[in-house]
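Some notes on the structure that comes next.
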Amino acid sequence: MVQDIRIVGTGQLLELQRRLRRAGHENIRSSMQRRIRRAAEPLRDDLQDAVRSQPLQSTGRGVGKRGGRSPTTRPFREAIAQAIRISVRTTGDPGARVWLDKGLLPPDIPVAVVNQMNDLGRLRHPVFGNRRRWSQQSANRGFWDKTARAHVDRINSEVARVADDVRRHLE
């Protein structure tokens with residue numbers, strides 16, 4: 001399953017946000033949010049690149065099978081890549097979150113499709129919506145998880161540095 005990647009240090013971030021609000025430092029607070037977002041942007045960009053570079057190779061048509069062009073001109077991988085978002089929260093459960101926005105996916109692409117590509121390394125779907133004929137395409141298994149794991153240490157250290165900078169400014 002494609003999981004939300006959350007970069008959190010809830011105790012430190014909550015305390016800093018409370019102190020910033022009490023001190024009335026809106027510009028420092030917005031700067032902190034901006035820097036946390038910037039720390040997560042390379043992860044989002046790499047996830048988008050990972051989705052765009054998925055091979056999605058088909059097993060091919062059998063001898064004598066009919067085929068044709070896709071009835072849609074929308075690029076499948078690009079639609080998924082454009083639905084990857086970043087959100088930064090400073091209250092409640094503070095931190096940065098990189099996630100797949102279901103609302104930005106076309107209605108015919110459920111989130112389960114991306115989960116299937118990541119978890120199983122394949123994409124099984126009906127041929128042009130015909131539920132009596134199915135096709136299977138292979139993908140790189142675990143692409144989402146591998147990409148996220150490669151960024152976690154860098155993002156955690158960046159968020160800690162931002163928190164230290166804000167803390168130093170408040171003292």
Side-chain angles (χ1 to χ4, degrees), residues 1-17 20-21 25-57 70 72-125 137-169:
M1 166 187 250
V2 174
Q3 299 176 1
D4 294 338
I5 308 302
R6 293 172 185 247
I7 308 302
V8 294
T10 52
Q12 292 177 350
L13 291 176
L14 278 173
E15 181 57 33
L16 279 176
Q17 289 300 322
L20 284 171
R21 254 187 238 106
H25 294 291
E26 249 338 280
N27 58 345
I28 298 172
R29 205 168 121 223
S30 64
S31 171
M32 179 177 157
Q33 289 174 331
R34 184 175 56 252
R35 288 176 65 188
I36 292 173
R37 176 179 295 279
R38 282 191 186 142
E41 283 174 356
L43 172 58
R44 182 204 54 206
D45 296 342
D46 284 354
L47 283 171
Q48 288 175 335
D49 290 342
V51 168
R52 288 181 184 116
S53 66
Q54 284 301 302
L56 293 182
Q57 297 170 351
S70 172
T72 176
T73 58
R74 172 189 34 84
F76 175 74
R77 287 169 245 171
E78 185 63 28
I80 294 172
Q82 291 301 316
I84 297 174
R85 292 281 181 247
I86 299 174
S87 62
V88 176
R89 289 183 50 147
T90 57
T91 59
D93 186 16
R97 188 173 154 217
V98 178
W99 53 290
L100 188 65
D101 188 352
K102 292 186 287 190
L104 294 177
L105 286 173
D108 60 331
I109 302 178
V111 174
V113 166
V114 182
N115 293 339
Q116 203 181 76
M117 287 168 49
N118 184 56
D119 296 343
L120 306 174
R122 69 178 170 91
L123 174 60
R124 189 169 184 274
H125 60 90
Q137 294 175 290
S138 60
N140 293 333
R141 187 176 189 169
F143 70 93
W144 186 281
D145 300 331
K146 289 175 190 170
T147 305
R149 262 187 256 118
H151 285 269
V152 168
D153 292 336
R154 181 193 56 77
I155 294 174
N156 281 335
S157 65
E158 180 65 26
V159 169
R161 191 171 74 204
V162 169
D164 287 343
D165 289 350
V166 171
R167 193 176 299 112
R168 230 177 291 116
H169 187 77

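Quick note: numbers below take in every heavy atom, side chains included, and nothing from hydrogens, waters or symmetry partners.
In this structure, the side chains of Glu41 and Ile86 come closer than 4.5 Å at one or more pairs of heavy atoms. Inter-residue side-chain proximity for Ile84 and Trp144 is flagged as met; some heavy-atom pair is nearer than 4.5 Å. Arg35 has its side chain within reach of Asp165: a pair of non-hydrogen atoms, C-beta onward, lies under 4.5 Å apart. The side-chain heavy atoms of Glu158 and Arg38, taken from C-beta on, include no pair separated by under 4.5 Å.
The closest donor-acceptor contact from the side chain of Gln48 to the backbone of Ala81 lies under 3.5 Å. No side-chain donor-acceptor contact under 3.5 Å links Asp101 to the backbone of Ala83.
Taking CD1 of Ile109 as the start and CZ of Arg77 as the end, the distance is 11.5 Å to the nearest 0.5 Å. In this structure, NZ on Lys146 lies 7.0 Å from CG on Asn140, to the nearest 0.5 angstrom. The distance from the CD atom of Gln82 to the CG atom of Leu100 is 11.5 Å, given to the nearest 0.5 Å. Atom-to-atom distance recorded for Asn156:CG and Arg154:CZ is 10.0 Å, nearest 0.5 angstrom. Rounded to the nearest 0.5 angstrom, Asp45 CG and His151 NE2 are separated by 8.5 Å. Rounding to the nearest 0.5 angstrom, the gap separating the CD atom in Glu78 from the CZ atom in Arg52 is 4.0 Å.
Scanning both residues, Ser87 and Arg37, for their nearest heavy atoms gives CA-NH2, 4.3 Å. The shortest non-hydrogen separation linking Ile155 to Ala40 is CD1-CA, 4.2 Å. Residues Val111 and Lys102 come closest through the heavy atom pair CG2-CG, 2.9 Å.
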- Apply salt bridge (Lys or Arg N to Asp or Glu O under 4.0 Å) to the pair Arg161 and Asp164, showing each step before the final yes or no. CA-CA 5 Å; Arg161 191 171 74 204; Asp164 287 343; over 6 Å; no

- Full working for side chain to side chain contact (heavy atoms under 4.5 Å, CB included) between Leu47 and Leu43: CA-CA 6 Å; Leu47 283 171; Leu43 172 58; 4.0 Å; yes

